[in-house]
Number of protein chains: 2
Amino acid sequence: MQSAKPAASTDTAQIILDKSIPLFARSGYAGVSMRDIAKAVGISGAALYHHYPDKQSLYIAAMGYAFSDMAKSIQSTLDFKGTPEERLVRFTTSFTEQMAGAPDFRALLQRELLDGDEERLKLLADKVFVEPFKAMKELAQEMALDCDPHLLAISMAGLILFHFETESIRRYLPGGLKKHNNPKVIAQHVVRLLTGVTGK
Amino acid sequence: MQSAKPAASTDTAQIILDKSIPLFARSGYAGVSMRDIAKAVGISGAALYHHYPDKQSLYIAAMGYAFSDMAKSIQSTLDFKGTPEERLVRFTTSFTEQMAGAPDFRALLQRELLDGDEERLKLLADKVFVEPFKAMKELAQEMALDCDPHLLAISMAGLILFHFETESIRRYLPGGLKKHNNPKVIAQHVVRLLTGVTGK
DNA sequence: GTCTATAGCCTGATAGAC
DNA sequence: GTCTATCAGGCTATAGAC
């Protein structure tokens, strides 16, 4: 085990992942060609095959990288002591900020939920969500809302993520305002909903 | 204005839409070829171009059809008188049942939220969501939860839809059970959350 | 209204020079 | 490790017979 960042880690294989992630996020697996990726990296299409044996392997490596990055980030917000309400506020605020700042991750997650096969979904669950989800379930139980903790943990995540998912269409729904895309406003709303009317 | 169902409405143009909707729902625009659709319909690829000038027109017609169907269905559940709590229960139950029975609609909605351009999103909003959303906002205001009604209406929809969106991955999260995919269980959970701990 | 045949382009992937 | 050149096949869309 070496230090976290080996020197000269910016080799081509890594750059390929960095450049292909936003492409896959924007257009999906079928909507991105190997030539598109090659052009974004600045090498020929053939050179890609020196680093990854085929398109699918490249895609899976890109997902693994995009998701492991976020896994670390999410878990760091859940090691926090305090009352259940304090922890709810802390988790909601941090998670909302993280999602607001990671549009590619959100798009890739949505695409994997639609298109991922069993193997990829299991990997995504194990790699990113199982540990945070456990902590969310514990929090859900301590909140004493008399709900199934699994359902409540899903609802907590859904309340936050759905506001981002619908960002593109809320613009055309009555009463849609810019502030509804503000992570602070979203987080405050979610906390208020989950703590009952008593809020803030 | 004629009666709702003109005789012999099952012409080829309509069959093409019926057969292409599940394909687009499963694989997305880029993941479905005109040959795939032709094969599903049982005609040659060239014949498709007699009914639709190109793939994009066919896709847009298919979306229009899939969404107009659901628009009627959603709106029918919102013309209901009663106390706010009665109307919340009614809306939540009906909407959850409708979404549970319309996996293609859910997938197409997700895909349009990811891939739709401004024009398509505006059409989707106007055609399907603007009217139900107004009713949801009214309900949100009457519920007196001291929330921005726009945010609360989005949250109501999100609480329901997110459980379906994550159906494929919840299988791999701790505590995931079959009953968590049961529309009655989901609806009851959502109502309980939105009415505070007091609920049933 | 449907067919077969095909044009013209893009696709993933490979061969072999450097 | 990257390149140019290329293959074999899939793609959208069209032409023209029936």
Side-chain angles (χ1 to χ4, degrees), chain A residues 6-66 108 111-112 114-117 119-120, chain B residues 6-66 108 111-112 114-117 119-120:
Chain A
S9 72
T10 57
D11 59 343
T12 306
Q14 184 62 45
I15 294 172
I16 291 169
L17 300 188
D18 288 331
K19 298 291 187 182
S20 64
I21 283 171
L23 297 180
F24 284 129
R26 177 174 302 269
S27 307
Y29 181 82
V32 177
S33 72
M34 292 297 267
R35 283 170 174 82
D36 293 334
I37 296 169
K39 186 184 283 186
V41 175
I43 59 177
S44 74
L48 292 174
Y49 290 87
H50 178 77
H51 301 279
Y52 300 96
D54 53 33
K55 184 183 176 184
Q56 187 155 290
S57 303
L58 194 164
Y59 178 76
I60 289 171
M63 293 306 102
Y65 177 55
L108 292 174
R111 294 192 186 281
E112 285 295 276
L114 282 166
D115 299 327
D117 58 26
E119 189 185 342
R120 263 154 48 197
Chain B
S9 73
T10 54
D11 59 344
T12 308
Q14 183 62 46
I15 294 172
I16 291 169
L17 301 188
D18 287 331
K19 297 292 187 184
S20 63
I21 283 170
L23 297 179
F24 284 128
R26 178 173 301 271
S27 306
Y29 181 82
V32 177
S33 73
M34 292 297 266
R35 284 175 173 86
D36 293 334
I37 296 169
K39 187 184 283 184
V41 176
I43 59 177
S44 75
L48 291 174
Y49 290 87
H50 178 77
H51 302 278
Y52 300 97
D54 53 32
K55 182 183 176 183
Q56 187 154 292
S57 303
L58 194 164
Y59 177 75
I60 289 172
M63 294 305 102
Y65 177 55
L108 292 174
R111 293 192 185 281
E112 284 295 276
L114 281 166
D115 298 329
D117 58 26
E119 189 185 341
R120 263 156 46 200

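Worth knowing before you read on, the calculation uses all heavy atoms, side chains too, and leaves out hydrogens, waters and symmetry mates. What you are looking at is a predicted structure, and each value in this text was computed from that prediction instead of being measured. In the text below, chain A, chain B and the rest are named by the order of the sequence lines, each starting its count at 1.
- The distance between atom OH of Y59(B) and atom C1' of dT12(D), rounded to the nearest whole Å, is 17 Å.
- Atoms CD1 (I37(A)) and P (dC10(C)) sit 17 Å apart, rounded to a whole Å.
- In this structure, the CD1 atom of I15(A) is 12 Å from the P atom of dG1(D), given to the nearest Å.
- Between the base of dG12(C) and the side chain of R35(A) there is a donor-acceptor pair shorter than 3.5 Å.
- We find that CG of L23(A) is positioned 13 Å from P of dT11(C), with the value rounded to whole Å.
- When rounded to the nearest whole Å, the span between CG of L58(A) and P of dT11(C) equals 15 Å.
- Looking only at distances, a side-chain donor or acceptor of S20(B) sits under 3.5 Å from a matching main-chain atom of L17(B).
- The side chain of S44(A) approaches dT2(D) more closely than any other nucleotide in the set dT2(C), dC3(C), dT2(D).
- Distances shown here put a side-chain N or O of S33(B) below 4.0 Å from the OP1 or OP2 atom of dC11(D).
- No side-chain donor-acceptor contact under 3.5 Å links Y49(B) to the backbone of K55(B).
- Here the side chain of Y49(B) is nearest to one of dT2(C), dT2(D), dA13(D), namely dA13(D).
- Ion pairing of R111(B) with D115(A) is present here, as a side-chain N (NZ or NE/NH1/NH2) and a carboxylate O approach within less than 4.0 Å.
- Counting any heavy atom pair closer than 4.0 Å across all strands shown, V32(A) reaches sugar-phosphate atoms only and no base atom.
- When the C1' atom of dG10(D) is taken as reference, atom CE of M34(A) falls 17 Å away, rounded to whole Å.
- In this structure, the OH atom of Y29(A) is 13 Å from the P atom of dT11(C), given to the nearest Å.
- Between dT14(C), dT2(C), dC3(C), one nucleotide has an atom nearer to the side chain of H50(B) than all others, and that is dT2(C).
- Taking every side-chain heavy atom of T12(B) into account, dT2(C) is the closest of dG12(C), dT2(C), dT4(C).
- Relative to the side chain of K55(B), the nucleotides dG12(C), dT12(D), dC3(D) differ in distance, and dT12(D) lies closest.
- Smallest separation of non-hydrogen atoms from V41(A) and I16(A): CG2-CA, 3.9 Å.
- Distance CG (L48(A)) to C1' (dG1(D)): 12 Å, rounded to an integer number of Å.
- Here the nucleotide nearest the side chain of A46(A), chosen from dT14(C), dC3(C), dT12(D), is dT14(C).
- A distance of 5.0 Å separates OH in Y59(A) from CZ in R120(A), rounded to the nearest 0.5 Å.
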